[in-house]
Protein chains: 2
Amino acid sequence: MHLVAQHPFAYYGALMALEHAILVSLAEKSATGYDLARRFDASIGYFWQASHQQIYKVLGRMERAGWVEFETVPQDGRPDKKVYVLTSAGRDELGAWTSKATPVEYLRSEFAVKLRALPFGNATAIVEDVRTRRRVHEERLAYYAESAARFYPDPDALRPDQMGAWLVLRGGMLAEETALAWCDEILQRLAPEETDR
Amino acid sequence: MHLVAQHPFAYYGALMALEHAILVSLAEKSATGYDLARRFDASIGYFWQASHQQIYKVLGRMERAGWVEFETVPQDGRPDKKVYVLTSAGRDELGAWTSKATPVEYLRSEFAVKLRALPFGNATAIVEDVRTRRRVHEERLAYYAESAARFYPDPDALRPDQMGAWLVLRGGMLAEETALAWCDEILQRLAPEETDR
DNA sequence: GATCTCATGTAATCAGTTACATGATTTC
DNA sequence: GAAATCATGTAACTGATTACATGAGATC
């Protein structure tokens, strides 16, 4: 199953965080740009996405800043790998970053804009859109719940190094539950006759 | 109180939506770029922000596309106003946009990245950050609840044209409640001794 | 024969931010 | 006298997207 985590609320505001996402990922395990791109397709990528193009660009910048180093690993039949490793300067930067408060990001939701367009637009299409979104959030929630059950069967007995990832997963589950609840509220107001599903 | 709505989850992905946010805003009421910027500081701005610079840029683009027109209103002692009005092409575009599904946006949370950095960073600072964020979400929730009580005292007797705005406000409240709940879960795991507040 | 995986990038474009610019009127 | 409000923008920059490029090996 190839799911990408999403949410009814878009925000942005805190830019420049890709560097730090990569630092975290490399702190967990050294990797090539290609590896990172795949990790950003899953795990970390549920809450932070990046294309391989962007990752290569940022890795170059980080290397020039001295946060990472790479070792070229020749391969046969395929292009050489560049395996990136955190430097101590990179580890320092991670420490400094976690010591500063993260600004609470701006909420941004295109869907919310669309809801406000209700009196001026195609109401039936909007209701249909809500139903579609509801299904997507349902799937995602199921996927997160499954991951949680598989990787963290006993949340009260987590190893300290698993705590962060668990809490992130919990955040994703809470967000999806909320998104679902919101869809239900909307449907109840806009299409009350069909209280199905 | 000058609050800007925010959320622990940043997303983005669906770009180019500022045009549609402006279309909705102008459909509600004709306005100058300056007016729009102020509206984006409040109401719609709780869920969609834009600077005046960006708004002027986009208004120019929309005017060239024929979605809006403006009338220059001279004033004394201040610069002339350009009052923008939706054209029928603009109204068509709004209709077309609401007829298409909005892609479910990507979740993006810098704070989630920071949680994953727990084993490699300053854990006490991260806990302090969570407490700060908790307070922010608490304030916002209170602010939304107050707005809801003032503008929509009886949610079961809404006029049809108020429905969209009400549902958006509800989304904001749900999001803030969830953000709060997440902060509490995090604090319970990372600083269980102080189950204060 | 087509598509997928591995592995690296460059180039063009775009939405949005930050900084800069102007100038009268009103409020503290 | 300083700051805020009204009202419009331009310029430089940046994070990120989309499109383009290459090339071998493995799977369908």
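Naming convention: chains lettered A, B, ... in sequence-line order (proteins, then strands); numbering from 1 in each chain.
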Open item on the list: The criterion is salt bridge (charged side-chain N to carboxylate O under 4.0 Å, His left out); which residues satisfy it with Arg64(B), sequence neighbours excluded?
Closed with: none
TODO: Under 4.0 Å from any atom of DNA chain D, heavy atoms only: list the residues of residues 30-39 of chain B that qualify, in numerical order.
DONE: Thr32(B), Gly33(B), Tyr34(B), Arg38(B)
Task: Any residue meeting side-chain hydrogen bond (donor to acceptor under 3.5 Å, both in side chains) with Thr98(A), in chain and number order, not counting sequence neighbours - done: none
Task: Nearest-Å distance for atom pair CG/C1', residues Leu18(A) and dT14(D) - done: 13 Å
Open item on the list: Using a 4.0 Å heavy-atom cut-off, does Asp80(B) contact any base of the nucleic acid, only the sugar-phosphate backbone, or nothing at all?
Closed with: sugar-phosphate
Task: Residues, nucleotides or ligands: over 12 heavy atoms within 6.0 Å of Asp154(B) CG - done: yes
TODO: Nearest whole angstrom, please: distance from the C1' of dA4(D) to the CG of Asp41(B).
DONE: 14 Å
Open item on the list: Using the side-chain contact (heavy atoms from CB on, under 4.5 Å) criterion, which residues pair with Ala31(A)? Sequence neighbours excluded.
Closed with: Leu26(A), Asp35(A), Leu36(A), Arg39(A)
Task: Protein-nucleotide distance (Gln49(B), atom CD; dA15(C), atom P), rounded to Å - done: 17 Å
Task: Partner set under side-chain hydrogen bond (donor to acceptor under 3.5 Å, both in side chains) for Asp156(A), not counting sequence neighbours - done: Arg189(B)
TODO: Could you list who else is in Val83(B)'s hydrophobic cluster, with ILVMFWY side chains joined at under 4.5 Å, directly or through other members?
DONE: Val73(B)
TODO: Please state how far atom CD in Gln54(B) lies from atom C1' in dC13(D), giving the value in whole angstrom units.
DONE: 14 Å
- [ ] Could you tell me which residues satisfy salt bridge (charged side-chain N to carboxylate O under 4.0 Å, His left out) with Glu69(A), sequence neighbours excluded, listed by chain and number?
- [x] none
Open item on the list: Nearest whole Å is fine: how far is dG9(C) C1' from Ile55(A) CD1?
Closed with: 13 Å
Open item on the list: So, does Arg61(A) get its side chain near the phosphate of dG15(D), meaning an N or O under 4.0 Å from OP1 or OP2?
Closed with: yes
Tabulate protein N/O versus nucleotide N/O from nucleotides 18-23 of chain C, keeping only pairs under 3.5 Å, one per line.
from    : atom 1 : to       : atom 2 : distance (Å)
dA19(C) : N6     : Gln53(B) : NE2    : 2.9

Open item on the list: Output the rounded distance in Å from CD (Glu19(A)) to C1' (dG15(D)).
Closed with: 9 Å
TODO: Name all residues meeting the salt bridge (charged side-chain N to carboxylate O under 4.0 Å, His left out) criterion together with Glu93(A); count only those two or more places apart in sequence or in a different chain, and write none if there are none.
DONE: none
Open item on the list: Students often mix this up, so state it plainly: with edges at 30° and 60°, are the rings of His20(A) and Trp97(A) parallel, tilted or perpendicular?
Closed with: parallel
Task: Partner residues of Glu128(A) under the salt bridge (charged side-chain N to carboxylate O under 4.0 Å, His left out) criterion, sequence neighbours left out - done: Arg131(A)
- [ ] Enumerate the residues from residues 62-75 of chain A whose closest heavy atom to DNA chain D is under 4.0 Å, giving them by residue number; use none for an empty result.
- [x] none
Open item on the list: For a quick test of reading the model: is some side-chain N or O of Lys82(B) closer than 4.0 Å to OP1 or OP2 of dG9(D)?
Closed with: yes
TODO: Sequence neighbours left out, what passes side-chain hydrogen bond (donor to acceptor under 3.5 Å, both in side chains) with Thr124(A)? Give chain and number order.
DONE: Asn122(A)
Task: His20(B) NE2 to dA15(C) C1', straight-line distance once rounded to whole Å - done: 14 Å
Task: Presence of Tyr56(B) side-chain N/O under 4.0 Å of dG9(D) phosphate oxygens OP1/OP2 - done: no
TODO: Please report, rounded to the nearest Å, how far the C1' atom of dG9(C) is from the NZ atom of Lys57(A).
DONE: 11 Å
- [ ] Determine whether more than 12 heavy atoms belonging to other residues, nucleotides or ligands lie under 6.0 Å from atom CD of Glu71(A).
- [x] no
